[in-house]
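Heads up: the structure comes next, in structure tokens.
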Protein chains: 2
Amino acid sequence: MDDRDGRQGTFMIGRQEADSIERRSGVSLWRQIADRILQAIATGDFAENAALPPEVALAERYGVNRHTVRSAISALVQEGVLRAEQGRGTFVLSRKRLSYPIGARTRFSTGLQGQTSERHIVLLSSSVEPASQRVAEGLGLARAADVIRLETRGEADGRPVSRAAGWFDARRFAGIDKAMAETGSITASLARFGIDDYLRQSTVLSARHADAADLADLDLQPGAIVLVTVAVNITSDGQPIQFSESRFPAERVELKLSAL
Amino acid sequence: MDDRDGRQGTFMIGRQEADSIERRSGVSLWRQIADRILQAIATGDFAENAALPPEVALAERYGVNRHTVRSAISALVQEGVLRAEQGRGTFVLSRKRLSYPIGARTRFSTGLQGQTSERHIVLLSSSVEPASQRVAEGLGLARAADVIRLETRGEADGRPVSRAAGWFDARRFAGIDKAMAETGSITASLARFGIDDYLRQSTVLSARHADAADLADLDLQPGAIVLVTVAVNITSDGQPIQFSESRFPAERVELKLSAL
DNA sequence: TAAATTTGTCTATTGATATAGACAACTATA
DNA sequence: TATAGTTGTCTATATCAATAGACAAATTTA
């Protein structure tokens, strides 16, 4: 909790405590405090299985009433991040953020090796639809050409860590939905169409508050933040093969941009 | 507003409107609606200078009272994003998000060319301090070796678009603060130390709610989201020269990951 | 066992958030 | 010049969020 690169040094002169909380902001104090605690856990400031400071101490740190801290804690207990035990204390259940690599050869499973004991992709649904403008542009297709859309969720140790939609040229990749259902892997599915290597051509990254769909898809609580990537994958000779939009829960995932 | 890749198609069956709003979430309805409007502007769903739908229409779309919509709008008027004119309507002032490129040769000014008419970096302060653990690791220095810290803000067309802290080995780069103050450019400052090319070695990306410091530094409203990058720059022969942590306002900036 | 520490529950009060309705003020248009 | 459409202001009411204090219940420590 004390290695945040000198926030308390040169720069804190004449400024409020960095841990302080915004009132009348439209975001309730308990939600802000819950976010701070999540942040502290994600960055390792509160170790896994360790006890949180007692409620009175947290209340003092954030400058709020004990009951307000209790609201924050009870929200996190509800989310399964903390466990409170009467008389003993409140304990951290959840782990640090996963570090999800993004680079020229971004692959789901290989990138998370060593960080989780188990990970897999679930195919939620597939459909054929006319390409929207941005999909058509990304794939270099005519405006309303048919594309196959695969909706997937990535899970690690039983918790959702990504939610993605991928679009493929329907003529070239007819049947990729079945391949995906059978193999559980985009890479393996593309291999069936003779593509044994592909590269990340472009990635655009943004962040926003989770909307209703994100909350349901990623098992988040209202107010959570999602990282959004929009990307195009190409073959080694430059043909675009996949357009994708992925959403990651910011409280559980960070993106590590690796050499391309 | 209708090109969001088929949210309304296959996937909307049995689900609430995607635009719907979460109640009792700890985030007030007006703040959620303000976020949606910002999002819609940033993605181009509401064109610049165009009129927003009238308040009663927005209230119906989001399923809230007209007064709640008015709270959201008045917050955005306060932020300078919208302008309301009695009897006429409410109009969009602000532009789409800047697309900030990140790649092997990430440079501030060159990357934003064409998107803004004016951009520059302001040196806010500099100091010498012992390296924190993560800075020492990033730069390959001993744990408490002296490092120079430069605090900077990037501005485009008068609006803050980034806030960064950069750390440099104090022995090797003594005087880089003066160089930075004179040139207003990291690249030019490093050139004075014989470094005419440098590369991005690693970037780790995350997102979180803005804290009190972010609000002040980036001129944001409470509840805003910041993208955070932690990066190491190296010379072409692999020596680490700069460790940095940058924060970007998610409502004004997206990150474009380019080929390295 | 007694005391100290910590979480859990209850009551009460205040201020912010959200809904509801009515009407004024201003603008554009038929 | 009416009329319709839009933003601005006011009153009233109900619910949520936050503070305050007291004490119960469970656990750990002296």
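Naming convention: chains lettered A, B, ... in sequence-line order (proteins, then strands); numbering from 1 in each chain. In this text the structure is predicted, and so the values were computed from the model without any measurement.
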Nearest-angstrom distance from the residue atom [atom1] of [X] to [atom2] of [N]:
X	N	atom1	atom2	answer
A:Glu60	C:dT6	CD	P	13 Å
B:Gln86	C:dC26	CD	P	6 Å
B:Leu58	D:dT7	CG	C1'	13 Å
A:Gln32	C:dA16	CD	C1'	14 Å

| field | Distance in Å, A:Leu82 CG paired with A:Ile37 CD1, rounded so as to fall on 0.5 Å steps | value | 6.5 Å
Is the side chain of [X] donor-acceptor paired with the backbone N or O of [Y] at a distance under 3.5 Å, no angle test?
X	Y	value
A:Arg97	A:Ala250	yes
B:Arg149	B:Glu129	no
B:Glu118	B:Asp157	yes

| Can you give one letter per nucleotide of nucleotides 16-22 of chain D, 5' to 3': B if a protein heavy atom sits under 4.0 Å from the base, S if only from the sugar-phosphate, - if neither? | SSSBBB-
Considering all heavy atoms, the nearest [X]-[Y] contact:
X	Y	answer
A:Glu55	A:Ile73	CG-CD1, 4.0 Å
A:Pro249	A:Pro160	CG-O, 3.9 Å
A:Thr68	A:Trp30	O-CB, 3.6 Å
A:Arg61	A:Phe46	NH1-CZ, 3.9 Å
A:Ala75	A:Arg31	CB-NH2, 4.5 Å

| message | Can you list, in residue-number order, the parts of residues 72-85 of chain A that come under 4.0 Å of DNA chain D, counting heavy atoms only? | response | none
| query | salt bridge (Lys or Arg N to Asp or Glu O under 4.0 Å) between A:Arg208 and B:Asp35: does it pass, once the steps are laid out? | reply | CA-CA 8 Å; A:Arg208 57 173 169 75; B:Asp35 282 345; over 6 Å; no
Extract from the structure each pairing of a protein N or O with an N or O of nucleotides 28-30 of chain C at less than 3.5 Å, listing the distance.
unit_1, atom_1, unit_2, atom_2, d
C:dA28, OP1, B:Arg88, NH1, 3.1

